[in-house]
Amino acid sequence: MAEILVLVDHAEGAVRKPALELLTLARRIGEPSAVVLGAGAAAADIAAKAAEFGAAKVYVADGAEFADQLVVPKVDALTQIAKANDVAGVLVTSSGEGKEVAARVALRLGSGIITDAVDVRAGDQGPVATQSVFAASYTVESRVSNGVPVITVKPNAVAPEAAPAAGAVENVSVEFTGNAARVTSRTPRVSTGRPELTEAAIVVSGGRGVGAAEGFGVVEELADALEAAVGASRAAVDAGWYPHSSQVGQTGKQVSPQLYVANGISGAIQHRAGMQTSKTIVAVNKDPEAPIFELADYGVVGDLFEVLPQLTAEVKARKG
Amino acid sequence: MSLRIVVCVKYVPDATGDRRFADDHTTDREGVDGLLSELDEYGVEQALRIAEANDGAEVTVLTVGPDDAKDALRKALSMGADKAVHVNDDDIHGSDVLATSAILAKALEKTGFDLVIGGMASTDGTMGVLPALLAERLGVPQVTLLSEVSVEGGVVKGRRDGDAATELVEAPLPAVVSVTDQSGEARYPSFKGIMAAKKKPVQSLDLDDLGIEADEVGLAGSWTAVDSVAARPARTAGTVVKDEGEGGKQLAAFLADQKFI
Ligand SMILES: Cc1cc2nc3c(=O)[nH]c(=O)nc-3n(C[C@H](O)[C@H](O)[C@H](O)COP(=O)(O)OP(=O)(O)OC[C@H]3O[C@@H](n4cnc5c(N)ncnc54)[C@H](O)[C@@H]3O)c2cc1C
Ligand SMILES: Cc1cc2nc3c(=O)[nH]c(=O)nc-3n(C[C@H](O)[C@H](O)[C@H](O)COP(=O)(O)OP(=O)(O)OC[C@H]3O[C@@H](n4cnc5c(N)ncnc54)[C@H](O)[C@@H]3O)c2cc1C
């Protein structure tokens with residue numbers, strides 16, 4: 001069966017959920033092989049996890065280069081593995097770095113690239129990707145018409161499904177081409193203890209209406225009651241109330257949770273670009289004319305400092 | 001030492017207007033209002049700041065785009081860039097990102113560069129990969145998605161805020177950089193800047209000038225194909241209630257009904 005390479009995103013020794021989603025999607029278009037790069041001693045555990053989600057083979061490559069140089073070492077590894085094994089497709093997670101790696105791999109393979117797919121399926125002329133474009137106002141079906149399809153897929157495109165496979169590990173030694181920027185320091189992002197924004201089933205966000213950094217307290221309390229991630233609009237981030245890593249929208253994270261709760265957010269097109277594909281959208285805003293109500297499945301016109309604490313108490317009561 | 005900075009800028013349909021596709025499934029760039037991609041203003045801004053900090057630096061803005069793309073160049077010139085290059089050819093219509101990067105790379109080789117600056121992503125295609133592709137094609141380091149950037153002694157340094165970590169990165173020039181919207185507010189063109197821009201040189205190039213064959217780019221030379229486009233059914237507004245003291249409870253009832261609690 002056609003071999004599909006899946007670049008496995010990992011952090012702190014663990015597989016990130018989007019990689020399991022890629023393995024799940026890869027099974028629709030062929031037989032997945034996981035690629036685990038620069039994982040050090042954690043490679044064996046990561047390989048085992050990949051096998052659990054359908055990887056028949058796991059290519060493992062290591063070296064200081066993966067941490068010390070930007071993007072290029074991963075491009076070297078992925079390209080060399082793709083060429084040596086005559087693969088039929090390459091799937092990468094749509095993160096800032098994932099897209100850059102994928103694009104350079106595509107160029108080296110002489111292949112087209114599609115980014116930000118929200119779905120992938122098998123088609124008569126190869127894999128078909130679905131993209132959600134222009135702030136999710138259009139749905140596009142596209143495909144790579146030359147070379148080995150390289151596709152980057154957004155987190156939450158599919159629910160990961162286990163499908164145990166052999167997961168035969170093959171160690172690969174990569175010829176590094178250099179010509180890369182040097183990484184002189186790396187500070188891991190401190191975990192908030194809450195779910196990852198792009199992976200969470202529920203996201204509770206605050207905007208300018210929250211009024212101040214302290215105002216996010218009511219947003220966080222609701223998020224914690226719902227076991228949700230916290231998001232913010234750019235206005236709230238620019239004001240310095242919440243970190244940029246939590247920004248939702250065109251220039252922040254694009255999220256697609258089961259439930260998105262927008263509080264004190266007007267619903268500008270650039271914010272919608274990051275949350276419009278959420279399954280259910282709920283909004284709390286004191287302005288009945290706020291555009292966010294046009295896309296909300298349920299809206300409350302009111303002061304978020306009144307509505308949210310009552311909602312949080314009710315959620316806690318109902319959850320017991 | 002003179003520092004040749006080239007900023008790649010894209011002319012895009014206005015995101016707050018009506019964006020749509022033409023019959024051939026390409027982005028309609030004719031019938032809609034366009035502008036300099038807002039995220040490329042950050043690239044122009046950083047180029048100007050680097051030029052201010054480096055004696056004898058020169059800032060060129062470069063675009064690949066239709067006739068109206070000259071508006072994007074004018075805006076960048078009015079912000080303070082020194083000159084502009086406009087690659088425009090009917091055969092470019094429908095180019096995918098690999099074809100576009102091939103054209104930009106050829107244009108950059110022609111203009112010469114020490115530092116290429118791009119935006120984090122365009123506001124229409126939003127791929128965020130073109131600067132990486134330019135680095136690959138030009139054989140120089142990529143120092144991308146920077147929220148902070150500086151150039152000193154022939155080395156470009158910056159801060160890259162990734163998903164999992166914040167990295168400090170650096171590379172010797174020549175290099176390709178891209179900057180995010182966190183890199184620093186872009187300046188507004190002054191009246192003087194707008195007047196001065198009218199006299200600044202804009203060089204026009206076509207595919208012939210760059211030694212590119214028509215079938216290497218455009219729809220024919222692209223390695224991706226769009227099979228279908230469909231307007232997504234607009235989300236319909238649901239129930240909106242006014243909080244009269246029970247709004248939180250009403251919302252909780254809705255969430256319970258939808259099995260979220
Ligand atoms: C190139 C570009 C990229 C961008 N990228 C992003 C992005 O990634 N993400 C993003 O979010 N934005 C982005 N923006 C900015 C976007 O255009 C908006 O400016 C921004 O989303 C507004 O944030 P907001 O809704 O929080 O603020 P506002 O638009 O000011 O809305 C605040 C809302 O809060 C309500 N409110 C006030 N007080 C209360 C209260 N006590 N209780 C309830 N409601 C209250 C008000 O009625 C209002 O509707 C981008 C813009 C550009 C040009
Ligand atoms: C909705 C949509 C989806 C698309 N999806 C794909 C796809 O999956 N695969 C594919 O191959 N093509 C795709 N395209 C086509 C692609 O957008 C164009 O080929 C475009 O020229 C380059 O991609 P980008 O705009 O996404 O650039 P990005 O990679 O997002 O741009 C980053 C930076 O590169 C520079 N830049 C980009 N374009 C230009 C330009 N024309 N002139 C000067 N500088 C520029 C700017 O500095 C910009 O900030 C898509 C287009 C649209 C409108």
Side-chain angles (χ1 to χ4, degrees), chain A residues 11 70-71 95-97 99-100 103-104 106-107 111-115 134-147 179-189 202 244 250-251 259 269-270 280 282 293-302 306-308 310-311 314-315 318-319, chain B residues 15-16 19 21 39 96-98 120 123 126-129 132-133 136-137 139-145 161-171 175 180-182 222-232 235 237-243 247-252 254 256 258 260-261:
Chain A
L70 202 60
V71 173
S95 59
E97 181 186 81
K99 291 200 275 189
E100 292 183 333
R104 294 184 70 155
L107 183 50
S111 301
I113 173 166
I114 290 168
T115 56
F134 293 158
S137 57
Y138 281 86
T139 302
V140 170
E141 284 199 322
S142 51
R143 109 194 109 70
V144 170
S145 52
N146 194 66
N179 226 350
R182 237 165 28 93
V183 179
T184 55
S185 104
R186 174 178 290 107
T187 318
R189 191 152 62 80
I202 303 181
H244 179 252
Q250 186 185 326
T251 55
L259 172 65
I269 181 86
Q270 296 89 355
T280 299
V282 162
F293 287 126
E294 289 161 20
L295 44 146
D297 299 289
Y298 197 89
V300 178
V301 179
E306 305 283 333
V307 178
L308 295 196
Q310 189 181 63
L311 172 58
E314 192 68 18
V315 171
R318 284 179 190 249
K319 281 194 169 176
Chain B
T16 59
R19 292 187 290 184
F21 290 93
L39 295 173
D96 68 1
V97 75
L98 289 167
M120 65 189 285
T123 60
T126 71
M127 297 182 76
V129 302
L133 289 170
E136 178 74 31
R137 288 195 187 270
V140 302
Q142 94 172 60
V143 201
T144 48
L145 301 177
D161 297 326
D163 264 358
T166 288
E167 296 166 323
L168 298 182
V169 292
E170 63 175 60
T180 73
D181 63 339
Q182 299 293 301
S222 288
W223 294 346
T224 47
V226 173
D227 289 337
S228 72
V229 299
R232 195 186 161 87
R235 284 190 88 104
T239 314
V240 178
V241 299
K242 191 167 168 350
D243 177 35
K249 288 186 181 161
Q250 286 167 291
L251 187 43
F254 171 80
Q258 303 286 313
F260 289 114
I261 42 178

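Quick note on labels: first sequence line is chain A, next is B, and so on, each numbered from 1.
When only modelled atom types and interatomic distance are considered, B:T123 and A:Q250 share no side-chain donor-acceptor pair under 3.5 Å.
No salt bridge links A:R189 with B:D163; every basic N to acidic carboxylate O contact stays at or beyond 4.0 Å. Residues A:E314 and B:K249 are not paired through a salt bridge, judged by the lack of any N-O separation under 4.0 Å between the basic side chain and the carboxylate.
Heavy atoms closer than 4.5 Å to chain A are found in both the backbone and the side chain of B:D227. Using a 4.5 Å cut-off between heavy atoms, B:M127 touches chain A through backbone and side chain atoms alike. For B:Q142, the parts sitting under 4.5 Å from any heavy atom of chain A are the backbone and the side chain alike. Looking at A:I269, the atoms closer than 4.5 Å to chain B (heavy atoms on both sides) all sit in the side chain, from C-beta outward.
You'll find the side chain of B:D243 stays beyond 4.5 Å of the side chain of A:V301, heavy atoms only. Residues B:E136 and A:V71 are not in side-chain contact: their nearest non-hydrogen atoms beyond the backbone lie 4.5 Å or more apart.
The shortest heavy-atom contact between B:L98 and A:I113 is CD1-N, 4.3 Å. Scanning all heavy atoms of the two residues, the minimum distance from B:V129 to A:A103 falls at CB-CB, 3.6 Å. Here the closest heavy-atom approach between residue B:G248 and residue A:Q310 is recorded as N-OE1, 2.7 Å. When all heavy atoms of B:L133 and A:R104 are compared, the closest pair comes out as CD2-N, 4.2 Å.
With chain A as partner, the option from B:M120, B:R137, B:E167, B:Q250 having the largest number of non-hydrogen pairs under 4.5 angstrom is B:E167. Here B:A165 is the residue among B:G162, B:G128, B:A165, B:A175 with the most heavy-atom pairs under 4.5 Å with chain A. Note: B:P141 leads B:A171, B:P141, B:A15 in heavy-atom pairs under 4.5 Å with chain A.
Between the B:R235 side chain and the A:L295 main chain, a donor and an acceptor come within less than 3.5 Å of each other. Remark: the backbone N or O of B:G238 is not paired with any side-chain donor or acceptor of A:D297 at under 3.5 angstrom. No donor-acceptor pair closer than 3.5 Å links the side chain of B:T239 to the backbone N or O of A:Y298.
Ring geometry for A:Y138 versus B:F21: interplanar angle over 60°, hence perpendicular rather than tilted (30 to 60°).
Atom CZ of A:R186 sits in a crowded spot, with more than 12 heavy atoms from other residues, nucleotides or ligands closer than 6.0 Å.
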